[in-house]
**Student:** 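Let me give you the structure first, and then I'll get to my questions.
A quick note: this is a predicted structure, and the numbers were derived from the prediction, not measured. These numbers come from the heavy atoms of this one structure, side chains and all, not from hydrogens, waters or symmetry mates.
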Amino acid sequence: MVDRLANSEANSKRIGVVETCFGTAGQPLAIPGRVLIGEGVLTKLCRKRPKARQFFLFNDILVYGNIVIQKKKYNKQHIIPLESVTIDTVEDEGELRNGWLIKTPTKSFAVYAATATEKSEWMSHISKCVSDLLEKSGKSPTGEHAAVWVPDSEATVCMRCQKIKFNPVNRRHHCRKCGFVVCGPCSEKKFLLPSQSTKPVRVCEFCYKQLSTGGTLPSRSDSLLSSNNISDDDDDDDSSD
């Protein structure tokens, strides 16, 4: 099906519409063999609060952006190569339902669909695209992924020292390795994480020691991966730390 659609006029028109909606600030999306599989609005769990984002699933990339005018204009385009993507379901909790994690070596975050059926379809199509890409390339699935950030609202005190309370003076920071919300004194160090940046990035004291000595960093327990504890650095103006 995908191969038949690759060079179809209908597929070219659909991709052209997406490019137009992102305007000149977006990257060109039309390349030989690329097919637009589906699109829709998903709620993305950002650092400060959940936000609606427009997502486009192609057979080789996942694209999303901020909604300026629905079906007409989007900005802040993000492009994620599907070869590096792994997905995991997220249990329903409170108002956040029908969610799953999108994990890559550079960025990981949670999204939520409007219905369970929509969630199932998204996850199924993403998994199929990733599987097809890996089969064609002969590559293995990505083993490492960036930490999913704990939302600011879930931490009133530093998640490492458990002492410093956050306020306008004691600001929240995020460790790029574990995703915890930490205070300034607990995150003074930086470490080079090549999959995330070409420059050293902020890490907490615990992760810095483990990384410096080559120790094994424990993965976050499943209890921390509840629907209220997983977010991403925001796409707007509040993602500095």
**Student:** Give the minimum heavy-atom separation between Lys103 and Ser108, together with the two atoms involved.
**Tutor:**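 Distance-wise, the nearest heavy atoms are CA-OG, 3.4 Å.
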**Student:** Output yes when a side-chain donor or acceptor of Gln196 lies under 3.5 Å from a complementary backbone atom of Arg176, and no otherwise.
**Tutor:**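 Indeed, once roles are kept as given, a pair shorter than 3.5 Å links the two residues.
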**Student:** Are Lys44 and Tyr112 in a cation-pi setup, meaning NZ or CZ lies under 6.0 angstrom from the ring centre and within 45 degrees of the ring axis?
**Tutor:**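 Judged by the rule (NZ or CZ under 6.0 Å from the ring centre, within 45° of its axis), Lys44 is not positioned above Tyr112.
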**Student:** Does Ser212 use its side chain to pair, donor to acceptor, with the backbone of Tyr208 at less than 3.5 Å?
**Tutor:**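 Yes, because the side chain of Ser212 sits within donor-acceptor range (under 3.5 Å) of the backbone of Tyr208.
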**Student:** Is the shortest side-chain heavy-atom distance between Ser137 and Glu83 below 4.5 Å?
**Tutor:**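 Yes; the side chains approach each other to less than 4.5 Å.
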**Student:** Check for a donor-acceptor pair, side chain of Asn59 on one end and backbone N or O of Val35 on the other, with a separation under 3.5 Å.
**Tutor:**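 Indeed, once roles are kept as given, a pair shorter than 3.5 Å links the two residues.
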**Student:** With the threshold set at 4.0 Å, does a side-chain nitrogen-carboxylate oxygen contact exist between Asp132 and Lys128?
**Tutor:**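 Answer for the salt bridge query: yes.
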**Student:** So, for Lys107 and Thr104, which heavy atoms are closest and what is the spacing to 0.1 Å?
**Tutor:**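 It is O-OG1, 2.7 Å.
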**Student:** Is the distance between the ring centroids of Tyr74 and Phe55 under 6.0 Å?
**Tutor:**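 When the ring centroids of Phe55 and Tyr74 are compared, they turn out to be at least 6.0 Å apart.
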**Student:** Would you call Leu101 and Val111 a side-chain contact if the rule is heavy atoms closer than 4.5 Å?
**Tutor:**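 No, side chains not in contact.
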**Student:** State, to 0.1 Å, how close His173 and Cys183 come at their nearest heavy-atom pair, and which atoms those are.
**Tutor:**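 In terms of heavy atoms, the two residues are closest at CD2-C, 3.9 Å.
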**Student:** Is any side-chain heavy atom of Lys163 less than 4.5 Å from a side-chain heavy atom of Pro185?
**Tutor:**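 Not in contact.
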**Student:** Say whether Phe58 and Ile79 are linked into one hydrophobic cluster, either directly or through other cluster members, by side-chain heavy-atom distances under 4.5 angstrom.
**Tutor:**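 Yes, Phe58 and Ile79 fall within the same hydrophobic cluster.
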**Student:** Does a side-chain heavy-atom distance below 4.5 Å link Val181 with Cys158?
**Tutor:**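 Result no, sub-4.5 Å side-chain heavy-atom pair not found.
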**Student:** Whether the Thr115 and Thr117 side chains hold a donor-acceptor pair (N or O, under 3.5 Å, no angle test) is what I'd like checked.
**Tutor:**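 Thr117 and Thr115 do not have a side-chain donor-acceptor pair below 3.5 Å.
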**Student:** Do Glu19 and Gln27 have a side chain donor and acceptor closer than 3.5 Å?
**Tutor:**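 No, no side-chain donor-acceptor contact under 3.5 Å.
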**Student:** Who passes ring-ring contact (aromatic ring centres under 6.0 Å, His included) against Phe166, sequence neighbours left out?
**Tutor:**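 For Phe166 there are no ring-ring contact (aromatic ring centres under 6.0 Å, His included) partners, ignoring immediate neighbours.
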**Student:** Give the minimum heavy-atom separation between Gly99 and Thr89, together with the two atoms involved.
**Tutor:**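 For Gly99 versus Thr89, the nearest heavy atoms are O-OG1, 3.7 Å.
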**Student:** Under a 4.5 Å cut-off applied to non-hydrogen side-chain atoms, are His78 and Val63 in contact?
**Tutor:**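 Heavy-atom side-chain distance check fails, nothing below 4.5 Å.
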**Student:** Do Cys175 and Val203 have side chains that get closer than 4.5 Å, going by heavy atoms?
**Tutor:**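 Yes; the side chains approach each other to less than 4.5 Å.
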**Student:** Less than 4.5 Å apart, side chain to side chain, heavy atoms only: is that true for Phe56 and Leu62?
**Tutor:**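 SC-SC contact between Phe56 and Leu62 ruled out.
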**Student:** Any donor-acceptor pair under 3.5 Å linking the side chain of Arg172 with the backbone of Val157?
**Tutor:**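 The answer is no, because no donor-acceptor pair under 3.5 Å joins these two groups.
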**Student:** Is a donor from one side chain sitting under 3.5 angstrom from an acceptor on the other, for Arg53 and Asn66?
**Tutor:**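 Asn66 and Arg53 do have a side-chain donor-acceptor pair below 3.5 Å.
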**Student:** Show every side chain to side chain donor-acceptor pair (under 3.5 Å) that has at least one partner inside residues 182-195, sequence neighbours left out.
**Tutor:**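 Only Ser187-Arg202, Lys189-Glu205 qualify under side chain to side chain donor-acceptor pair (under 3.5 Å).
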**Student:** For the residue pair Leu211 and Leu193, establish whether any side-chain heavy-atom pair is separated by less than 4.5 Å.
**Tutor:**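 Heavy-atom side-chain distance check passes, below 4.5 Å.
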**Student:** Can Glu144 and Lys177 be counted as an ion pair, charged N to O under 4.0 angstrom?
**Tutor:**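 Looking at Glu144 and Lys177, the cut-off is met.
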**Student:** Just wondering, more than 12 heavy atoms not from Gln162 lying within 6.0 Å of its CD?
**Tutor:**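 Counting neighbours around CD of Gln162, more than 12 heavy atoms of other residues, nucleotides or ligands fall under 6.0 Å, so yes.
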**Student:** Kindly give the heavy-atom pair with the smallest separation between Ser197 and Lys199, and that separation in Å.
**Tutor:**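 So the minimum-distance heavy-atom pair works out to OG-N, 3.0 Å.
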**Student:** Does any N or O in the side chain of Asn11 come within less than 3.5 Å of the main-chain N or O of Leu36, such that one atom is a donor and the other an acceptor?
**Tutor:**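 Side chain of Asn11 to backbone of Leu36, a donor-acceptor pair under 3.5 Å: yes, one is there.
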